[in-house]
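What you see is a predicted model, and the numbers here were worked out from it, not measured in a lab. The figures here come from the full heavy-atom set of this structure, side chains too, leaving out hydrogens, waters and symmetry mates.
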Amino acid sequence: SGKGKSHNARKEDSKPEPKRWSEQTEKLKALVISLQKGLPAAASFKLPPSVYLSTPADEVVQQRITAYLRAKGLVTLTPDAEEVAAFQKKVIIDFELNGIDISNI
């Protein structure tokens, strides 16, 4: 029975502790998730893994998320319902027009 205890202890020790983010970073992540709601699955956008890879500091993650959202066309980081709807509409239109050569139209 001592063998079983050490086996369980090893399992617990090998499990990495999840990274804890600041409240501001969690709010930015929640903003991305809320912007994804209402978008078709194929048109939705996700934060690229590079946002979190080799993360030196919480502030860097915040800057990367902010830059990503700005690059996608979000004007403010505290959007109202109207801005969210406009952003989602833009994402859907961009998705639908992706790959279409509009010079032929």
Side-chain angles (χ1 to χ4, degrees):
S1 72
K3 187 176 181 181
K5 286 183 182 178
S6 66
H7 179 69
N8 288 341
R10 253 187 288 136
K11 269 187 175 178
E12 291 173 14
D13 292 341
S14 66
K15 193 186 305 182
E17 180 95 10
K19 173 102 172 131
R20 305 248 187 255
W21 302 106
S22 71
E23 185 177 333
Q24 180 63 29
T25 301
E26 290 298 332
K27 285 181 182 179
L28 287 171
K29 288 170 57 179
L31 174 61
V32 171
I33 291 169
S34 71
L35 291 171
Q36 290 173 343
K37 291 180 182 172
L39 292 176
S44 92
F45 63 99
K46 293 183 172 62
L47 286 174
S50 61
V51 168
Y52 299 106
L53 291 179
S54 67
T55 314
D58 191 67
E59 294 81 24
V60 173
V61 173
Q62 290 177 25
Q63 291 170 352
R64 289 176 181 174
I65 293 174
T66 301
Y68 176 77
L69 290 172
R70 298 243 190 251
K72 288 291 186 181
L74 191 65
V75 179
T76 66
L77 295 179
T78 53
D80 58 9
E82 188 177 310
E83 187 179 348
V84 168
F87 176 80
Q88 290 175 336
K89 184 177 179 181
K90 179 189 176 304
V91 169
I92 291 170
I93 290 172
D94 288 348
F95 172 74
E96 290 174 350
L97 294 178
N98 187 21
I100 295 176
D101 184 6
I102 59 172
S103 66
N104 293 334
I105 297 175

Quiz item: Passes side-chain contact (heavy atoms from CB on, under 4.5 Å), Leu28 versus Val61? Steps please.
Solution: CA-CA 10 Å; Leu28 287 171; Val61 173; over 6 Å; no

Test side-chain contact (heavy atoms from CB on, under 4.5 Å) applied to Val91 and Lys72, step by step = CA-CA 8 Å; Val91 169; Lys72 288 291 186 181; 5.7 Å; no

So CD1 of Ile65 and CZ of Arg70: to nearest 0.5 Å the spacing works out to 13.0 Å

When Ile92, Ile93, Asp94 are each screened for side-chain contact (heavy atoms from CB on, under 4.5 Å) with Lys90, the one that passes is Asp94

Show me, pair by pair, the donor-acceptor contacts under 3.5 angstrom made by side chains of residues 75-84, not counting sequence neighbours?
unit_1, atom_1, unit_2, atom_2, d
Thr76, OG1, Glu83, OE1, 2.9
Asp80, OD1, Glu82, N, 3.4
Asp80, OD1, Glu83, N, 2.8
Glu83, OE2, Val75, N, 3.1
Glu83, OE2, Thr76, N, 3.0

Contacts of Lys89 meeting salt bridge (Lys or Arg N to Asp or Glu O under 4.0 Å) (sequence neighbours excluded), chain-then-number -> none

Connected via hydrophobic side-chain network under 4.5 Å: Phe87 and Phe95: no

Side-chain heavy-atom pair Ser22, Glu59 within 4.5 angstrom cut-off: no

Applying side-chain hydrogen bond (donor to acceptor under 3.5 Å, both in side chains) to Thr66 and not counting sequence neighbours gives none

Separation between CD (Glu26) and CD (Gln24), nearest 0.5 Å, reads 10.5 Å

One should read off an interatomic distance between Gln62 CD and Lys27 NZ, to the nearest 0.5 angstrom, of 10.5 Å

